[in-house]
Number of protein chains: 2
Amino acid sequence: MPTTDVPARRLTTKGEATRAHIVRTAAELIYVKGVQNTSNEDVRKAAGVSGSQLSHYFPDKRSMVRAVIAYRADALSGLHREAPLGELDRVAALHTWAESYLNRADVLAGGCAFGSLVAEVMKSDLELHDDIAEGFERWREMFRRGLTAMRDSGVLRRDADPDRLAHVFMAAYQGGMLLAQGARDEAPLRDALNGALDYLETFRPRRGRAVTAPSSDR
Amino acid sequence: MPTTDVPARRLTTKGEATRAHIVRTAAELIYVKGVQNTSNEDVRKAAGVSGSQLSHYFPDKRSMVRAVIAYRADALSGLHREAPLGELDRVAALHTWAESYLNRADVLAGGCAFGSLVAEVMKSDLELHDDIAEGFERWREMFRRGLTAMRDSGVLRRDADPDRLAHVFMAAYQGGMLLAQGARDEAPLRDALNGALDYLETFRPRRGRAVTAPSSDR
DNA sequence: AAGTAACTGGGCTTGTCAACCCATAAACTT
DNA sequence: AAGTTTATGGGTTGACAAGCCCAGTTACTT
């Protein structure tokens, strides 16, 4: 069986659209009810497609979950984000980024769309681990790039470590999301994100010292 | 049926021991395989008890999961901890606390025993939410108490907010655990915890200023 | 000695759900 | 016109697991 091994099955524009529609629907359902509580039949009904369409684009459930993981990772990394905060290369952009997650009802109910998904799935299906690791890695790269740019432009001191700081922000977000979801209160998320932002401030160049850039950042 | 409504079914010492044994076994299995992937039969076999024993102590699966949640929350809050770090009322104690989670293989595989459990269960079973919230609250109280003690003893400045800082530490831990589990690398956890500890240092009283206590803390 | 709790080891029903197969038809590409 | 992709709508199978019932035995307590 050579066809099953080759995933390079080309899809037409229409097929791509249907597939994307199924993924979006599945992602929404899974975000609300969890993976284990979302059957293929649920997705099929919500998406308004036939059963054979599901098995056409996703031969088994794992492949669908994989697609949802990739979809959520894209969203986290800002790939198909509507808001214009593409690059986190200024401190103000990180503030905007953090604030974009506050005052949102869905956060209290479902936590992080990516984090809650992978947390549920990580133990039950080891074969999804690579997809999960890659999703985190892509997300981390977004922070790393922005923080490196801040350091190189003189907004942050030379001793600011983009790798360490990226982990600080990622953990503050994911942990804050989990705590907010668990307590049904956004205070943990707010405090964690503000803590990370305050911590970042400690890496600002000290005033009076000569710095390369005049730092017009907020 | 009056008996089912009254949960005050007294257990003998032996019964308590068996129940605890089942809970510990279930907690271990669930930590490795997740809730959905751990059947009652699995627990039964691993614990070496009969099927009726399970239904005797836990009429349904939810009650068993509830017991495991409480068990893991106890562990997180240091209730049945072997190591002597009962009170986190010194900065050094927080360092010890953080280090106790590093260099551990189980963390890379399973993440936080409490966090990964509640993350999996939170969406599938809404009735467990109160148990989860209470577990987080007990854990938070541990940090709050220690940080308040630090502030009151002059180890931290007056403007150090124990509530905010508690959330910072909790989020750093939970987020770091999730990231470490996802990346199979403890670096995210280490960076997140060290970030929180560094951030705490910024709340030390500045040298040269008069402080109430001489601050013999590390 | 009575009563109750702790325990064994089955079996049975019911439901859910993933995976699979079928016949058929419209739409698009070349 | 031929071939492929996209689609419909059902049916079936097999596995697994939760909840439940039953017929007993052992051990502790009072």
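It should be emphasised that the depicted structure is a prediction, and the values quoted were computed from it without experimental measurement. Hydrogens, waters and symmetry mates play no part in the numbers below; they use all other heavy atoms, side chains included. So that the names make sense, note that chain A is the first sequence line, chain B the second, and so on, each numbered from 1.
- Applying the 4.0 Å criterion to OP1 and OP2 of D:dA18, one finds that B:K61 has a side-chain N or O inside that range.
- When rounded to the nearest whole Å, the span between CG of B:N37 and P of D:dA17 equals 8 Å.
- By the 30° and 60° cut-offs, the orientation of the rings of B:W97 relative to B:F143 is perpendicular.
- Rounding to the nearest 0.5 Å gives a distance of 4.5 Å between CD1 of A:I69 and CD1 of A:I132.
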Quick test: give all pairs of protein nitrogen or oxygen and nucleotides 9-11 of chain C nitrogen or oxygen below 3.5 Å, distance rounded to 0.1 Å.
| unit_1 | atom_1 | unit_2 | atom_2 | d |
| --- | --- | --- | --- | --- |
| C:dG9 | O6 | B:S52 | OG | 2.3 |

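- Legend: salt bridge (charged side-chain N to carboxylate O under 4.0 Å, His left out) pairs involving residues 30-59 of chain A, not counting sequence neighbours, sorted by first then second residue: A:K33-A:D42, A:E41-A:R44.
- Using a 4.0 Å cutoff on non-hydrogen atoms, the parts of residues 39-48 of chain A near DNA chain C are A:S39, A:N40, ordered by number.
- Taking 4.5 Å as the limit, every side-chain heavy atom of B:Q181 sits out of range of all side-chain heavy atoms of B:M177.
- With B:L147 as reference, B:L165 is the one residue of B:L165, B:D89, B:V168 to meet the side chain to side chain contact (heavy atoms under 4.5 Å, CB included) rule.
- Among D:dT6, D:dG19, C:dT8, the nucleotide with an atom closest to any side-chain atom of A:K14 is D:dT6.
- Between B:N194 and B:R190, some side-chain heavy-atom pair lies under the 4.5 Å cut-off.
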Tabulate below the donor-acceptor pairs under 3.5 Å that side-chain atoms of residues 21-29 of chain A make, not counting sequence neighbours, or state none.
| unit_1 | atom_1 | unit_2 | atom_2 | d |
| --- | --- | --- | --- | --- |
| A:T25 | OG1 | A:H21 | O | 2.7 |

Verdict with supporting geometry, B:R164 and A:D198, salt bridge (Lys or Arg N to Asp or Glu O under 4.0 Å): CA-CA 12 Å; B:R164 277 188 77 240; A:D198 284 358; 3.5 Å; yes
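- Side chains of A:Y31 and A:V68 form no contact here, defined as non-hydrogen atoms less than 4.5 Å apart.
- Taking atom CD of B:Q53 as the reference point, atom C1' of C:dC7 lies 5 Å away to the nearest angstrom.
- Rounded to an integer number of Å, the gap from B:L54 CG to D:dA17 P is 14 Å.
- Distance, B:R19 CZ to C:dC7 P: 13 Å, rounded to whole Å.
- Following rounding to the nearest Å, B:M64 (CE) and D:dA18 (P) show an atom-to-atom distance of 8 Å.
- Note: NE2 (B:H21) to C1' (C:dC7) measures 14 Å, nearest angstrom.
- Side chains of A:F136 and A:V118 form a contact here, defined as non-hydrogen atoms less than 4.5 Å apart.
- Between A:R144 and A:E141, some side-chain heavy-atom pair lies under the 4.5 Å cut-off.
- Dashed line: the shortest gap from a side-chain N or O of B:S55 to OP1 or OP2 of D:dC20 is not under 4.0 Å.
- Applying the 4.0 Å criterion to OP1 and OP2 of C:dC7, one finds that B:Y57 has a side-chain N or O inside that range.
- For the helix from C:dA1-D:dT30 to C:dT30-D:dA1, the angle separating the two terminal helix axes comes to 30°, with each axis derived from five pairs and the value rounded to 10°.
- Between the NE2 atom of A:H56 and the C1' atom of C:dA19 there is a distance of 17 Å, rounded to whole Å.
- Rounded to whole Å, the distance from CD on B:Q36 to P on C:dT16 is 15 Å.
- B:S52 is linked by a side-chain hydrogen bond (donor to acceptor under 3.5 Å, both in side chains) to nothing, counting only residues two or more places apart in sequence or in another chain.
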